[in-house]
Amino acid sequence: MHLVKRNSNGNGRHARTAEAVPSIIDSPADGGKRIVLTAPLTEAIDHAGYFIQMAMASLPIWMEGVLNRKYPKWRDVEREADGSARYMPAGVRLIETSLLRYFSQDDIAACYPEDLEKFIGPKTRVVAVSTHNPLGVTFAAGVYTSIFGSSKLPINSHYAREMFAAIKRSRHRENFKVIVGGSGGWQIIQTDLYEELSVDCVVEGRAESDAVTDLFRKALAGEDLPRTIEVRHPNERNEILFPDKRTTFGVVEMTTGCGRRCQFCVPDLNPQIDLPKQKIMEAVRANVRHGNKQVSLATEDMFIWGQVHTSTPFYFPNREALVDLYSDIVNTPGVEQHVLSHCTIAPAVVDPLLIKKLSELLLPKSPIHFPYLSTHPEKKALAPLIGLETGSVRIAKQIMASKGVPFSVEDWPSVVLEGLRVLNENNWFPAMTLIVGSPGETDEDIKATLDLIYEMERRKLFAFLIPSIFTPLHDTRMEHQEGVRQTRQLTRLQWQLMMKCWKMNLRPGQYSWWGPTAWRVGSIAMWAYKLRRLNGPAFTWPIFMFSGAISEKTLERMGKIYIGKPLKTKTRKELIASLKPVHLQYLRADNGDLPDGYVRPAIPHPASALPVLTAAASSTA
Ligand code: B12
Ligand code: SF4
């Protein structure tokens with residue numbers, strides 16, 4: 001037996017030392033578990049909210065020290081008495097729940113990668129990994145590491161590779177099969193890293209499927225497995241399972257699919273389902289029972305919940321159902337924090353009162369504080385992730401023609417600005433993603449996006465803008481399209497857009513006397529030291545703009561940057577006036593702005609009647 005301790009040194013890398021607690025032993029005394037489940041440490045941690053994981057997905061491994069200084073205890077995960085993981089990503093919990101339908105708990109353990117040797121033994125036949133983003137080749141995750149110089153190793157990938165290496169090194173490796181699943185499994189298929197990572201089979205699709213159970217049965221019997229298997233997504237809400245254990249960040253699924261049909265989107269390929277309230281609540285209570293204080297409902301668009309397959313189109317949110325669901329979540333005893341995941345922006349224009357009511361409910365339990373922006377007495381804020389993607393109507397028509405429904409794609413810039421106004425007025429400061437380098441994108445398209453971004457600035461609207469380079473994701477409707485491969489390929493305007501977004505993001509952080517100077521000096525020093533070589537000449541003037549060392553007006557006069565022109569956009573009332581007549585009946589009169597003299601049809605649609613019990617009841621059954 002040897003003794004090993006995981007420790008953190010000044011650099012933030014861990015050192016192995018001899019004076020330590022026993023944490024890795026040669027073989028477990030009971031011969032190990034037949035099925036061992038795990039996930040990369042950086043995807044399992046339930047620490048410091050979402051931000052730390054998003055940063056780990058985006059920053060290169062050489063910047064790990066920055067996060068170590070900010071979150072010195074991020075590696076301190078909690079364990080159950082038997083050494084298994086107290087929390088695991090929802091994907092691990094789902095495969096565990098699914099297997100528990102057929103196998104005994106005595107045969108299964110879910111553990112952190114550093115505990116693998118406590119559970120892998122001669123009896124082990126399957127090590128199953130769930131991973132979100134093992135190689136960092138998705139939107140935003142690749143782009144920042146590429147800017148900083150290493151396109152291959154974001155912090156998360158480093159830890160994912162460490163986990164695969166630990167599995168490969170196991171002295172029992174010949175006895176078990178390695179099965180990988182989760183939303184990042186496709187990255188292994190696409191890069192063909194099966195041998196290097198020692199993976200036998202990658203599963204694409206949900207754990208509930210019978211085909212997955214059969215696969216595990218085969219592995220337990222020592223039979224060969226296919227390299228890749230695609231399994232069916234449930235079509236019915238009751239087929240989707242909910243774990244009875246604690247998940248990382250208290251993630252509980254709320255919906256699958258979306259319905260807006262953006263060409264680049266993976267989750268939209270799944271059926272549009274809103275999950276039953278009763279099951280959501282049971283999973284929330286299970287999290288609390290296992291010590292979680294935080295809950296987050298996983299969704300592509302929270303606003304479709306309660307309006308899926310009702311007689312009202314899903315893009316007119318079901319206010320009563322949503323308020324009822326979120327009210328029960330935040331009022332569950334033991335839930336101290338609640339974080340929003342993803343949504344779309346058009347619902348804020350459709351139903352501003354819904355946003356107001358949700359703010360009243362959700363702000364008190366939000367762990368997010370924006371001291372310089374929020375008008376909440378404790379400076380709390382809500383920050384869901386929303387796709388802005390482009391300000392160019394031409395590109396929007398090509399890649400996301402329905403993103404803003406019920407409004408026309410022609411009005412996309414107006415929908416973004418009006419939606420953001422409503423959100424900001426209610427202390428919602430979303431993180432908004434943008435795609436740079438969509439296939440066929442011209443300078444005119446980038447200028448249109450810059451027009452929109454400058455207009456946000458002019459109107460003092462705030463969103464945390466996350467530009468990322470177009471990545472054709474596997475299986476999407478754009479999977480065969482070509483994107484920008486290296487940051488050196490970006491044009492000066494594309495760089496300007498990226499740097500303008502980051503400059504605007506840092507506005508609230510620059511209110512201190514030292515903030516602006518620190519940024520100027522820091523960014524120019526970084527450029528001089530490393531970035532100008534990495535990112536090429538098109539990067540130079542945009543970084544000077546970002547630093548603030550030369551004013552934007554001067555840079556424009558020098559012909560080095562483009563300052564977005566003022567946009568004349570539609571007000572909410574004008575947007576509503578442009579709706580198809582058939583859609584008007586779904587708008588709520590209490591929000592105002594209905595066309596002058598508009599008379600609702602004699603038999604109102606269920607969604608426009610108050611309260612909206614039909615749709616709510618169908619979702620909460
Ligand atoms: C919550 C969430 C987060 C949270 C929490 C993540 C966590 N560790 O728990 C936060 C905000 C931190 C996050 C971060 C990121 N995320 Co995220 N996230 C989600 C979201 C909304 C839900 C994920 C979830 O838990 N779903 C519920 C579980 C049950 O689903 P699941 O994990 O897919 O598991 C199912 C199947 O995959 C399968 N399965 C899972 N594991 C296994 C294992 C085996 C062996 C088998 C057989 C099957 C199987 O069965 C499960 C169902 O039964 C999804 C969108 C979505 N609706 O899925 C995006 C999503 C997964 N994220 C995405 C991205 C891009 C990211 C980031 C890279 C963003 C960024 N740039 O920062 C980072 C990466 C983080 C990291 N550590 O590397 C993309 C993934 C794209 C991809 N990989 O191709 C998605 C799809 C969003 C999107 N619309 O593009 N994310
Ligand atoms: S709105 Fe978002 S989740 Fe829906 S299809 Fe578009 S990108 Fe996908």
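We're numbering straight along the sequence, starting at 1. Since we're looking at a predicted model, the values are computed, not measured. Ligands are counted one by one from 1 in listed order, and the atoms in each one are counted from 1 as well.
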Taking the non-hydrogen atoms of Val266, is any one of them nearer than 4.0 angstrom to ligand 1?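 Outside the 4.0 Å threshold, so no.
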Quick one: does Val129 get within less than 4.0 Å of ligand 1, heavy atoms only?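 Checking ligand 1 against Val129, which is what was asked, there is a heavy-atom contact under 4.0 Å.
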For ligand 1, which atoms sit closer than 4.0 Å to a heavy atom of [X]?
X	value
Trp186	82 (C), 83 (N), 84 (O)
Gly182	37 (O), 39 (N), 40 (C), 41 (N), 42 (C), 49 (C)
Ile95	46 (C), 47 (C)
Ala298	22 (C)
Ala90	25 (O), 28 (C), 29 (C)
Ser183	37 (O), 61 (C), 82 (C), 83 (N), 84 (O)
Val251	25 (O)
Val203	47 (C)

Is the closest basic N to carboxylate O distance between [X] and [Y] below 4.0 Å?
X	Y	result
Arg232	Glu239	yes
Asp107	Lys33	no
Lys397	Glu410	yes
Arg93	Glu96	yes

In ligand 2, which numbered atoms sit nearer than 4.0 Å to a non-hydrogen atom of [X]?
X	value
Phe264	7 (S)
Cys258	1 (S), 3 (S), 4 (Fe), 5 (S)
Thr344	1 (S)
Glu300	3 (S)
Arg261	5 (S)
Asp268	5 (S)

Evaluate side chain to side chain contact (heavy atoms under 4.5 Å, CB included) for Arg260 paired with Asp301, printing each intermediate quantity in order. CA-CA 10 Å; Arg260 289 183 187 259; Asp301 183 3; 3.8 Å; yes
Any idea which protein heavy atom is nearest atom 8 (Fe) of ligand 2, and the distance to it?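 I find the closest protein heavy atom is Cys265 SG, 2.3 Å.
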Could you tell me the residue and atom name of the protein heavy atom closest to atom 7 (S) of ligand 2, and the distance to it rounded to 0.1 Å?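 The closest heavy atom on the protein side is Lys403 NZ, 3.5 Å.
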Distance under 6.0 Å and angle within 45° of the ring axis: does Arg227 meet both against Tyr194?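 Cation-pi check for Arg227 and Tyr194: passes.
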Within 45° of the six-membered ring axis of Tyr102 and under 6.0 Å from that ring's centre, is NZ or CZ of Arg217 located there?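 Yes, Arg217 and Tyr102 form such a contact.
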Quick one: does [X] get an N or O within less than 3.5 Å of an N or O on ligand 1?
X	result
Tyr50	no
Gln53	yes
Thr248	no
Thr299	no

Got a sec: is Cys262 within less than 2.8 Å of atom 4 (Fe) of ligand 2 via an N/O/S atom?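 Short answer: no, not a single N, O or S atom is under the cut-off.
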Do Leu215 and Ile229 come close enough that some side-chain heavy atom pair is under 4.5 Å?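 Touching, per the 4.5 Å side-chain cut-off.
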Please tell me if the side chains of Met400 and Glu389 come closer than 4.5 Å, counting only heavy atoms from C-beta onward.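 Counting from C-beta outward, Met400 and Glu389 do come under 4.5 Å.
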Identify which one of Phe370, Phe429, Trp502 satisfies the ring pair (Phe, Tyr, Trp, His ring centres under 6.0 Å) criterion when paired with Phe464.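 Going through Phe370, Phe429, Trp502 one by one, the ring pair (Phe, Tyr, Trp, His ring centres under 6.0 Å) with Phe464 is satisfied by Trp502 alone.
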Going by heavy-atom distance to atom 69 (C) of ligand 1, choose the closest among Met56, Gln187, Met54.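 Closest candidate by heavy-atom distance is Met54.
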Of Gly91, Gly205, Gly184, which has the heavy atom at the shortest distance from atom 38 (C) of ligand 1?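 Among Gly91, Gly205, Gly184, the closest heavy atom to atom 38 (C) of ligand 1 belongs to Gly205.
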Where on [X] is there a heavy atom closer than 4.0 Å to ligand 1, on the side chain, on the backbone, on both, or on neither?
X	result
Ala207	both
His342	side chain
Glu253	side chain
Thr247	neither

Say whether Gln187 and Asn133, considering side chains only, have a donor N or O and an acceptor N or O under 3.5 Å apart.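 Note: Gln187 and Asn133 side chains meet the donor-acceptor criterion.
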Side-chain donor-acceptor pair present, Tyr315, Thr344, cut-off under 3.5 Å: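 The answer is no; no qualifying pair exists.
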Criterion side chain to side chain donor-acceptor pair (under 3.5 Å) against Asn292, the qualifying member of Thr248, Thr247, Asn287: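 Going through the options one by one, the only one that passes is Asn287.
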is_close_aromatic(Phe303, His342), centroid dist under 6.0 Å: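 No, too far apart.
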Tyr50 and Phe249 aromatic ring geometry - parallel, tilted or perpendicular at 30°/60° bounds: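 Judged by the thresholds at 30° and 60°, the geometry between Phe249 and Tyr50 is perpendicular.
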Run Asp76 and Arg86 through salt bridge (charged side-chain N to carboxylate O under 4.0 Å, His left out) and show every step you take. CA-CA 12 Å; Asp76 297 353; Arg86 178 155 294 166; over 6 Å; no
Only N/O/S atoms count here: what is the atom of His132 closest to atom 17 (Co) of ligand 1 called?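 For His132, the N/O/S atom sitting closest to atom 17 (Co) of ligand 1 is NE2.
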Going through the checks in order, is the side-chain hydrogen bond (donor to acceptor under 3.5 Å, both in side chains) test met by Thr42 and Asn156? CA-CA 6 Å; Thr42 39; Asn156 189 60; 2.6 Å; yes
